[in-house]
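Working notes, beginning with the structure itself.
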Amino acid sequence: MNSYVITVGTFILIQAIAACGLNVIVGFAGQISLGHAAFVGIGAYSAAILSTRFGMTFWEALPCVIAISGSIGFLCGLPSIRVREDFLAITTIGVNFIVESVFLYVPFFGGALGIGGIPRIYFWGIRLKGASFFLLCLTFFILAFLLVWLFSKSWAGLGCISLREEETAASTVGISSVKYKLFAFILGTSLAGLSGALYAHAMRFISAEDFGFPASVMLLSIIVLGGMGTLWGPLVGAIILGFLPELFRPFAEYRLLMYALLLLCMIRYQPSGLLGENSLAKNVFGKLLQRRVS
Amino acid sequence: MKNSQPFSSVLSVEALSKRFGGLQALLKVSFEIREKEILGLLGPNGAGKTTCFNIISGVQKPTEGKIFFQGEDISGLPPHQMASRGIGRTYQIVRPFGSLTVLENVLVALGMEKYGKGIPFFSFWDTKANRDKARQYLKLVGLEAQEKAKALSLPLGNLRRLELARALALEPSLLLLDETFSGLRHEEISLLEKTILGIRARGITILLIEHNMRVAMSLSDRIVVLDHGEKIAEGLPEEIAKNDRVIDAYLGRVKEDGLA
């Protein structure tokens with residue numbers, strides 16, 4: 001594999017980790033969030049500041065990064081107790097703009113210049129770059145995937161799923177909507193923080209506009225495309241939306257147009273995503289598998 | 001200790017009032033449910049029956065008044081705490097977990113004890129033991145053949161049964177049934193009547209809202225009648241059937257002065 005493909009692959013995995021987190025909040029717990037990139041940003045800025053100004057290694061900083069993004073995620077999850085659906089969507093967009101402007105206008109966060117000089121990650125004395133950094137991201141993606149898998153199989157996950165399906169009925173079978181919504185926000189934003197930390201060390205220079213509203217829309221598109229509430233959806237969505245722009249590089253001017261068309265087609269023909277219920281892929285593969293068995 | 005009450009009351013509702021803006025949905029309603037009793041809650045549309053259920057199950061908070069469950073004041077607790085104390089309910093307008101299967105709908109309720117303790121991240125729901133347990137509740141209501149169907153694909157009658165199975169899976173000591181019989185065919189009704197008597201035989205106290213008079217009269221041990229948010233009668237089914245105020249409430253009042 002050449003280094004170009006490895007770089008694209010690395011960013012796909014980093015996106016997929018953040019999308020896994022968003023999938024917990026939107027896909028499993030059914031709480032719409034259009035501000036997920038803010039938490040990727042919080043993770044990236046924490047990792048960048050801790051490593052450049054406090055001299056921490058990536059590994060020392062990582063627990064702090066996850067704790068910071070998870071706790072801010074908890075705070076931003078609080079509105080979800082009061083507001084629903086479109087109102088929650090607007091609230092989370094607001095959160096995204098606030099976080100972005102804090103990064104942009106507060107000198108502590110480097111202002112418009114962003115933060116540069118973020119060191120590479122060392123693992124047992126090996127400097128991770130190229131293929132080895134890709135493997136690190138792959139490992140973290142697998143861990144994130146397993147975490148979401150565990151979540152989907154646990155009572156905590158079933159509690160969140162039932163909240164998504166019918167909140168009142170869920171509460172009358174003993175599920176505290178406050179507790180489980182906030183839990184989904186903490187889990188989802190912690191994964192966003194992890195993704196952000198990897199992003200910071202991959203780019204080695206970050207600035208506020210990396211984590212703006214368009215990045216949140218991108219993350220939401222990934223899970224809508226892959227299939228909300230499915231395990232593989234975030235990865236499939238991230239791969240497609242990560243490689244497509246590379247394939248269509250000659251038509252770069254029409255990229256946004258193609259995104260829009262793709263999303264419209266998805267919503268019209270495959271509303272549950274490529275891997276969701278009753279999707280084309282699932283039906284075709286399901287039939288093939290059944291034929292194989294019988 | 002002296003027990004002044006001749007029977008043990010599971011739930012006692014004391015002077016319960018609920019006001020929605022200018023609408024008095026409930027006004028100082030009091031009644032008691034005795035252990036292993038089937039109490040029917042009757043009344044014309046808009047009498048406040050469902051509001052009463054919503055308050056007992058914690059979905060709405062009372063404006064005034066108290067609710068005691070097994071001797072404990074539970075007024076105004078959130079619904080998940082009502083569930084963990086042993087109050088299960090069904091909804092008149094069914095509320096299934098639509099995209100989950102019938103079996104999964106019941107499985108959700110089996111986790112009731114787990115949901116309250118921290119965040120149950122390391123115990124799995126999809127185990128054979130849990131599925132078998134959920135199947136027993138489906139069998140009780142006669143839905144075992146549809147366990148793999150998506151809840152949304154079920155007809156209304158089956159959704160009402162699913163509501164019942166899900167409430168039963170909580171192993172409640174008090175079960176609130178909100179018009180479980182409405183929209184069912186004749187033969188389904190008699191089947192469900194047997195099921196409900198079977199549930200009572202397992203030691204579960206039942207409070208039911210019912211529009212079908214014949215069903216309400218034959219199932220209930222005692223009946224409480226509400227009208228315009230107030231309790232207008234309470235007694236045995238045969239007493240209620242002869243009660244003038246109840247007949248007035250259902251059929252309309254005859255003007256005595258002959259004017260207007």
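Every chain is numbered from 1 and lettered A, B, ... according to where its sequence line falls, protein lines coming before strand lines.
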What part of [X] gets closer than 4.5 Å to chain A, counting heavy atoms only: side chain, backbone, both or neither?
X: B:M82; answer: neither
X: B:P172; answer: neither
X: B:Y91; answer: side chain
X: B:N130; answer: side chain
X: B:S84; answer: neither
X: B:V108; answer: both

Taking atom types as modelled, is there a side-chain donor on [X] or [Y] under 3.5 Å from an acceptor on the other?
X: B:T90; Y: B:D178; answer: no
X: B:S182; Y: B:N212; answer: no
X: B:E171; Y: B:Y137; answer: yes

Q) For A:Q15, does its backbone N or O pair with a side-chain atom of A:S195 as donor and acceptor, under 3.5 Å? A)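 Side chain of A:S195 to backbone of A:Q15: no pair is present.
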
(Q) Need one label for A:I186: side chain, backbone, both or neither, based on atoms under 4.5 Å from any heavy atom in chain B. (A)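 Looking at A:I186, nothing touches chain B.
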
Q: Please flag which part of A:F183 lies under 4.5 Å from any non-hydrogen atom of chain B: side chain, backbone, both or neither.
A: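 Just the side chain, heavy atoms under 4.5 Å.
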
Q. Considering the options B:T205, B:I206, B:L39, B:I204, which one meets the side-chain contact (heavy atoms from CB on, under 4.5 Å) requirement together with B:L174?
A.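 Option passing the side-chain contact (heavy atoms from CB on, under 4.5 Å) with B:L174: B:T205.
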
Q | Side-chain touch A:I72/A:C76, heavy atoms, less than 4.5 angstrom | A |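 The answer is yes, as the side chains (C-beta and beyond) meet within the 4.5 Å cut-off.
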
Only pairs of heavy atoms separated by less than 4.5 Å count here; which of [options] has the most with chain A?
options: B:P78, B:G88, B:S99, B:G116; value: B:S99
options: B:P120, B:P79, B:G111; value: B:P120
options: B:A109, B:S123, B:G98; value: B:S123

Q | Row check, A:Y180 ring normal vs A:R164 NZ/CZ: under 6.0 Å, within 45° | A |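 No cation-pi geometry.
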
Q: Begin from the C-alpha positions of A:F185 and A:F74 and carry the test ring-ring contact (aromatic ring centres under 6.0 Å, His included) through to its verdict.
A: CA-CA 6 Å; A:F185 269 96; A:F74 167 80; 9.9 Å; no

